[in-house]
2 protein chains.
Amino acid sequence: MREAATAEARPYHHGDLRRALVDAARRILEGEGPSALSLRAVAREAGVSPAAPYHHFKDKGELLDAVAHVGWDMLGEAMTSAKGRTGDPAAHMTEIGVAYVQFSRAHPALYRVMYDCSRDKDMLPEGMQDNEDSAYCQVRETFRALAGPTVAEVDIELATIAAWCAAHGLAEMTSFRQFDPLKDGLGGEEGFLRAVLGHLGMFPAARAKAGGNG
Amino acid sequence: MREAATAEARPYHHGDLRRALVDAARRILEGEGPSALSLRAVAREAGVSPAAPYHHFKDKGELLDAVAHVGWDMLGEAMTSAKGRTGDPAAHMTEIGVAYVQFSRAHPALYRVMYDCSRDKDMLPEGMQDNEDSAYCQVRETFRALAGPTVAEVDIELATIAAWCAAHGLAEMTSFRQFDPLKDGLGGEEGFLRAVLGHLGMFPAARAKAGGNG
DNA sequence: AAGATCATCTTGACGCCGTTCAGATCGGTG
DNA sequence: CACCGATCTGAACGGCGTCAAGATGATCTT
């Protein structure tokens, strides 16, 4: 609708339909959730015919890939800026973990698409690949900096995977409403996140803080 | 197909269509994955018309709920028998964790349905609810036995959640093929699982073993 | 045993989906 | 200006979830 209104001015050729479709998909995700994200609905939201997207994406999956790409970029930025918010390197891991889960809570539908469309291809999601600036590499380099030179490479890799598992697992679990009472007793959702992370081995700063709380 | 052959003998009234539909759904899941699991395909596999399931389930979601229920039962049994395989109580948590992830790897499509259909309702999955015999309660009681009387109740709850996050996260991560080389260097998939669990705080036995390996 | 009842199953239809294809439209190149 | 390739439309196909109306048969009543 919002897009359809502005699209009246562009009569036939859209100009930047590819980006408009990705934006429309994100609006639908935010507003109506993943189950409403049909290719036809995206085209409708962008004000074009159902067949128009096929000139910019091979199929629906490729459109979702593009949406997921935006999501991983956003998550990477959130993690980077979270790391910058504390001067203590020992706290970096905790802050990254909290930022990760908070992103998944702020954009639950987008987060789901980010993993779903990589699962369908049996492939690592974009943010976990070994590209220079992926979110995963951010975590690994943070571990490497904390570990020092004596720690074996394989242990850095395993610690990164373990931390990622913990963050992703927590991202999924904390979305269930049944934990709300527990959160209330721990000073809200962020308190809950830090408490759970404190029970996982690789977040020493969170563990100290959780110990202080309970 | 398999079901359709035996269904020829039962002309109109099936007799136990509800169970037959759940079984048919599980066969499709195992054989063709979650994307092939349409209500019509399930009816086809069971040898009935597309509308027949509506006399046993309100909609497709309720059929999936029934399938998920079977899955959570299977997972609970796998966890119980894993705990019984070791006499050392300190190793229980690790064995449960390994059994959890191995179940998710043995039945990936079923595992996905188990979480998906609870996510769609913003509700805790069956195996995580506070019912007497749920898989989640198995983990919590194991923690309680290990913790002793001085540990606060909320910490037992948090440790259980943390362990569940770790196991679920690992279950999702280990399905990505890109970790295969890493697994090879750690004595296969089970070695990989134990190594990652060893980097997470609540699996002391795995941590000791992982330390011995690398 | 005969008939009524009610759950079960089928048939056929509706609207939405992803996808394809022929044709309309337009921007840029010769 | 004429053309061409990229872009978009309209109509169509099969598959999906779901529903209403009718056929079937097991069970219960008398």
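From a predicted model like this one, the values you see are computed outputs, not experimental measurements. What's counted below: heavy atoms across the whole structure, side chains too, no hydrogens, waters or symmetry copies. Order of the sequence lines fixes the chain letters, A, B, ..., with proteins taken first and strands second; residue numbering starts at 1 for each chain.
Close to dC9(C), at under 4.0 Å from its OP1 or OP2, lies a side-chain N or O of His56(B).
A side-chain N or O of Thr80(A) and one of Gln138(A) form a donor-acceptor pair less than 3.5 Å apart.
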Quick one: which protein N/O atoms are closer than 3.5 Å to N/O atoms of nucleotides 17-20 of chain C? Pair and distance per line, please.
residue: dC17(C); atom: OP1; partner: Ser38(A); partner atom: OG; Å: 2.9
residue: dC17(C); atom: OP2; partner: Arg44(A); partner atom: NH2; Å: 2.5
residue: dG18(C); atom: OP1; partner: Leu39(A); partner atom: N; Å: 2.7
residue: dG18(C); atom: OP1; partner: Lys60(A); partner atom: NZ; Å: 3.1
residue: dG18(C); atom: OP2; partner: Leu39(A); partner atom: N; Å: 2.9
residue: dG18(C); atom: OP2; partner: Arg40(A); partner atom: N; Å: 2.9
residue: dG18(C); atom: N7; partner: Arg40(A); partner atom: NH1; Å: 2.4
residue: dG18(C); atom: O6; partner: Arg40(A); partner atom: NH1; Å: 2.8
residue: dT19(C); atom: OP2; partner: Tyr54(A); partner atom: OH; Å: 2.8
residue: dT19(C); atom: OP2; partner: Lys60(A); partner atom: N; Å: 3.0
residue: dT19(C); atom: O5'; partner: Tyr54(A); partner atom: OH; Å: 3.0
residue: dT19(C); atom: O4; partner: Arg40(A); partner atom: NH1; Å: 3.4

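Atom-to-atom distance recorded for Asp122(B):CG and Phe176(A):CZ is 8.0 Å, nearest 0.5 angstrom.
Using modelled atom types, no side-chain atom of Thr174(B) and backbone atom of Leu170(B) make a donor-acceptor pair closer than 3.5 Å. With hydrogens and angles ignored, the 3.5 Å screen pairs a side-chain donor or acceptor of Gln129(A) with a backbone N or O of Leu124(A).
Atoms CG (Asp16(B)) and P (dA7(C)) sit 18 Å apart, rounded to a whole Å. Going from atom CG of Leu21(A) over to atom C1' of dC8(D) covers 12 Å, rounded to whole Å. As a whole-Å value, the separation of Glu32(B) CD from dC16(D) P is 11 Å. The separation between His55(A) atom NE2 and dT9(D) atom P is 9 Å, rounded to whole Å.
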Please output the side-chain donor-acceptor pairs of residues 51-60 of chain B that fall under 3.5 Å, not counting sequence neighbours, one pair per line with the distance.
residue: Asp59(B); atom: OD1; partner: Gly61(B); partner atom: N; Å: 3.2
residue: Asp59(B); atom: OD1; partner: Glu62(B); partner atom: N; Å: 3.1
residue: Lys60(B); atom: NZ; partner: Leu37(B); partner atom: O; Å: 3.1

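Taking Tyr115(B) as the reference, Trp72(B), Tyr111(B), His168(B) meet the ring-ring contact (aromatic ring centres under 6.0 Å, His included) condition, with sequence neighbours excluded.
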